Colleague: 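Please see the structure below; I have some questions.
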Amino acid sequence: MENMIETKDVIQSFPIAGGKELVVLKNINIQIPTGKLTMLRGRSGSGKTTLMNLLLRFYDVKGGSIQIDG
């Protein structure tokens, strides 16, 4: 089965005080097959919403790649 959504080594960070970057996602690799229900689960602050916002293209990834439908 071909993957509908696939991430490869996704990295996301946000600027913080002092000109530094806070890395919130590092080397995220997931494969979500077509037609399957998938749940993101984790502690508060673990990056679930950030990952969803990247998948929805609300902002661009800092590193790695996201492929949707190939």
Side-chain angles (χ1 to χ4, degrees):
M1 179 181 285
E2 189 171 319
N3 294 321
M4 185 174 109
I5 299 173
E6 183 173 15
T7 68
K8 292 183 181 179
D9 298 322
V10 167
I11 298 170
Q12 185 63 20
S13 62
F14 297 102
I16 58 174
K20 297 181 180 180
E21 292 279 319
L22 174 65
V23 177
V24 294
L25 296 176
K26 185 176 180 183
N27 299 327
I28 302 299
N29 296 291
I30 61 171
Q31 296 175 339
I32 303 173
T34 300
K36 296 288 182 178
L37 179 65
T38 303
M39 178 178 77
L40 289 177
R41 188 178 137 189
R43 295 186 345 214
S44 177
S46 63
K48 300 176 301 290
T49 301
T50 299
L51 180 59
M52 287 303 301
N53 286 336
L54 289 171
L55 294 176
L56 293 169
R57 309 288 177 151
F58 285 154
Y59 39 78
D60 296 326
V61 295
K62 299 285 181 160
S65 65
I66 298 174
Q67 291 186 350
I68 299 176
D69 288 333

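Along the sequence shown, residues are numbered consecutively beginning with 1. Note that this is a predicted model, so its numbers are computed, not measured. The figures that follow rest on heavy atoms only: side chains count, while hydrogens, waters and symmetry mates do not.
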Colleague: Would you compute the distance between atom CD of Gln67 and atom NZ of Lys8 and round it to the nearest 0.5 angstrom?
Modeller: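 NZ of Lys8 is found 5.5 Å from CD of Gln67.
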
Colleague: How long is the gap from CD on Gln12 to NZ on Lys62, to the nearest 0.5 Å?
Modeller: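 Going from CD on Gln12 over to NZ on Lys62, the span is 6.0 Å.
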
Colleague: In Å, rounded to the nearest 0.5 Å, how long is the span from CD1 of Ile5 to CG of Asp69?
Modeller: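 Answer rounded to 0.5 Å: 8.0 Å.
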
Colleague: In Å and rounded to the nearest 0.5 Å, what is the NZ to OG distance from Lys48 to Ser46?
Modeller: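 Those atoms lie 3.5 Å apart.
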
Colleague: May I have the list of side-chain donor-acceptor pairs in residues 13-23 shorter than 3.5 Å, sequence neighbours left out?
Modeller:
from: Ser13; atom 1: OG; to: Glu21; atom 2: OE1; distance (Å): 2.8

Colleague: Roughly how far apart are Ile30 CD1 and Leu51 CG, rounded to 0.5 Å?
Modeller: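 Taking CD1 in Ile30 and CG in Leu51, the distance rounds to 5.0 Å.
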
Colleague: Hydrophobic cluster membership, with links at side-chain heavy-atom distances under 4.5 Å among I/L/V/M/F/W/Y: are Met52 and Val24 in one?
Modeller: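 Hydrophobic grouping puts Met52 with Val24.
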
Colleague: Supply the atom-to-atom distance Asn29 CG to Thr7 OG1, rounded to the nearest 0.5 angstrom.
Modeller: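 Between atom CG of Asn29 and atom OG1 of Thr7 there are 5.5 Å.
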
Colleague: Shared ILVMFWY cluster between Phe58 and Ile11, side chains joined below 4.5 angstrom?
Modeller: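 Result: no, two separate clusters.
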
Colleague: Without placing hydrogens or testing angles, list every side-chain donor-acceptor pair under 3.5 Å for residues 37-44, not counting sequence neighbours.
Modeller:
none

Colleague: Under the side chain to side chain contact (heavy atoms under 4.5 Å, CB included) rule, collect the residues that match up with Arg57, sequence neighbours excluded.
Modeller: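 Arg57 satisfies side chain to side chain contact (heavy atoms under 4.5 Å, CB included) with Ile66, Ile68 only.
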
